[in-house]
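Inspection log for the structure reproduced underneath, given as structure tokens.
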There are 2 protein chains.
Amino acid sequence: MIDLKDKLSQKGLKVTPQRISILEAIYSLNHPTADDITRHIRQQHSNIATGTVYKVLEKFIEKGLIKKITTDKDVIRYDGLLTHHHHLHSTESVLIKDYIDEELDKLLTDYFNKKRLNDFKIEEISLQIKGKFLNNQMGVEYE
Amino acid sequence: MIDLKDKLSQKGLKVTPQRISILEAIYSLNHPTADDITRHIRQQHSNIATGTVYKVLEKFIEKGLIKKITTDKDVIRYDGLLTHHHHLHSTESVLIKDYIDEELDKLLTDYFNKKRLNDFKIEEISLQIKGKFLNNQMGVEYE
DNA sequence: GTATGTGCAAACTTTTTGCACTTCG
DNA sequence: CGAAGTGCAAAAAGTTTGCACATAC
């Protein structure tokens, strides 16, 4: 909790109950939508306006606290993991898992250092890996 | 034109003027949105209902004629390129370019054949490469 | 105290849906 | 002719906005 307040003030953001709740929601939910976040907070205790949720999320992105992620399935989702990573997307459900692999990142960096693209300056590469979660990992739903 | 009709009937779809126009629009525009497609068709000559556009696009996806692509910028876009490829996303505009690289695909396949992921069966890997288009390639707008 | 943040409701954008009518094969 | 596709307009879903009030610092 203290940690969350620090994160906010470190970015020069005023610490409000709404912002703490939203940040907490992002960390405890798996790549939630704005609506997932709103429902999570309302379930806990406090009310929050949907407009506030969108405004706060936009502010968080602007300050680099979170990122947007998209899928070809549905709406915008939010990701609180800031270290560089990729995503495993289920082809069977809306489940998305983070995938961190520095060895892979090095492989890609080396590859694109050799093979320069014409007229394009790469800033960031992220893999969207689609497939099936095996065992009992699939079908996990938010909330 | 004959080509487009063939593409439709090969997939067991009835050939209608609307479907031909939509397919033609996807091929001539660069990763258009549904609205880009609608405006393109209306500009050409014929009218078309927005509902029809969405229904037809859904049908095309179902039959594997096109794919959806998403960005964290805006709405759903459609892609008529069926061979496996990746995307270069401009960080300065909405421009997206296709990127085909079989050598890279082989590298990735080999990598993931060795390094198996726990409990995840990979079906497809697509790279979202963000960066800047240099020279006069940037700022190209649809329409 | 002042700048910033929030709630609320209205508006906007994108996408979906139902149903009568039309068209393809 | 029958199944499938289209137009239209209404509705749903997701997101943005303006403004009065509230709160953090």
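Since this is a predicted model, take the numbers as computed values, not measurements. Each chain gets a letter, A, B and so on, in the order its sequence line appears, and its residues count up from 1. Values reported hereafter were calculated over all heavy atoms of this structure, with side chains retained and with hydrogens, waters and symmetry mates removed.
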ask   = side chain to side chain contact (heavy atoms under 4.5 Å, CB included) between A:Tyr54 and A:Val56: does it pass, once the steps are laid out?
value = CA-CA 5 Å; A:Tyr54 282 104; A:Val56 169; over 6 Å; no
Using whole Å, what does the distance between atom [atom2] of nucleotide [N] and atom [atom1] of [X] come to?
X	N	atom1	atom2	result
B:Arg19	D:dA4	CZ	P	11 Å
B:Ile76	D:dA13	CD1	P	15 Å
B:Ile22	D:dG5	CD1	P	12 Å
A:Ile61	D:dT15	CD1	P	11 Å

ask   = What residues in residues 46-54 of chain B put a non-hydrogen atom under 4.0 Å from any atom of DNA chain C?
value = B:Gly51, B:Tyr54
query = So, for B:Asp79 and B:Ile26, which heavy atoms are closest and what is the spacing to 0.1 Å?
reply =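 Minimum heavy-atom separation between B:Asp79 and B:Ile26: C-CG2, 4.3 Å.
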request  = Please report the shortest heavy-atom distance between A:His89 and B:Phe120, naming the atom on each side.
outcome  =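 Answer, listing the atom of A:His89 first, then B:Phe120: O-CZ, 3.9 Å.
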message = Reading DNA chain C from 5' to 3', where do the contacts with chain B start and stop? Cut-off is 4.0 Å to heavy atoms.
response =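 Contact span on the strand: C:dT14 to C:dG25.
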task = Please report the C-alpha distance between A:Lys11 and A:Leu65 in whole Å, then the side-chain angles of each, then the deciding distance to 0.1 Å, and finally whether the side chain to side chain contact (heavy atoms under 4.5 Å, CB included) criterion is met.
result = CA-CA 8 Å; A:Lys11 296 287 183 177; A:Leu65 267 175; 4.0 Å; yes
note = Per-nucleotide protein contact along nucleotides 20-25 of chain D, 5' to 3', at a 4.0 Å heavy-atom cut-off (B base, S sugar-phosphate only, - neither), is ----BS
[X]: what forms a side chain to side chain donor-acceptor pair (under 3.5 Å) with it, not counting sequence neighbours?
X	answer
B:Glu124	B:Lys67
A:Ser9	none
B:Lys63	none

message = Rounding to 10°, can you tell me the angle the first-five-pair axis of the helix from C:dG1-D:dC25 to C:dG25-D:dC1 makes with its last-five-pair axis?
response = 40°
task = For A:Phe60, check ring-ring contact (aromatic ring centres under 6.0 Å, His included) against everything at least two apart and list the hits.
result =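 None.
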task = Could you tell me which residues satisfy salt bridge (Lys or Arg N to Asp or Glu O under 4.0 Å) with A:Lys55, sequence neighbours excluded, listed by chain and number?
result = none
Results of salt bridge (Lys or Arg N to Asp or Glu O under 4.0 Å) for A:Lys14 - residues two or more places apart only =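 A:Lys14: no salt bridge (Lys or Arg N to Asp or Glu O under 4.0 Å) contacts found.
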ask   = Can you list every side chain to side chain donor-acceptor pair (under 3.5 Å) pair that touches residues 98-107 of chain A, not counting sequence neighbours?
value =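 Found A:His31-A:Asp98, A:His84-A:Asp105, A:His85-A:Asp98, A:His86-A:Asp105, A:His87-A:Asp98, A:Tyr99-A:Asp101, A:Asp101-B:Tyr111, A:Glu103-B:Lys115, A:Lys106-A:Asp110.
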message = If you assign B:Gly12 and A:Glu58 each to the DNA chain D nucleotide with the nearest heavy atom, which residue ends up on the more 5' nucleotide?
response = B:Gly12
message = If the condition is side-chain contact (heavy atoms from CB on, under 4.5 Å), which residues does B:Thr109 pass it with, not counting sequence neighbours?
response =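 side-chain contact (heavy atoms from CB on, under 4.5 Å) check on B:Thr109 returns B:Asn113.
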query = With a 4.5 Å heavy-atom cut-off, do B:Leu127 and B:Leu108 have their side chains touching?
reply = yes
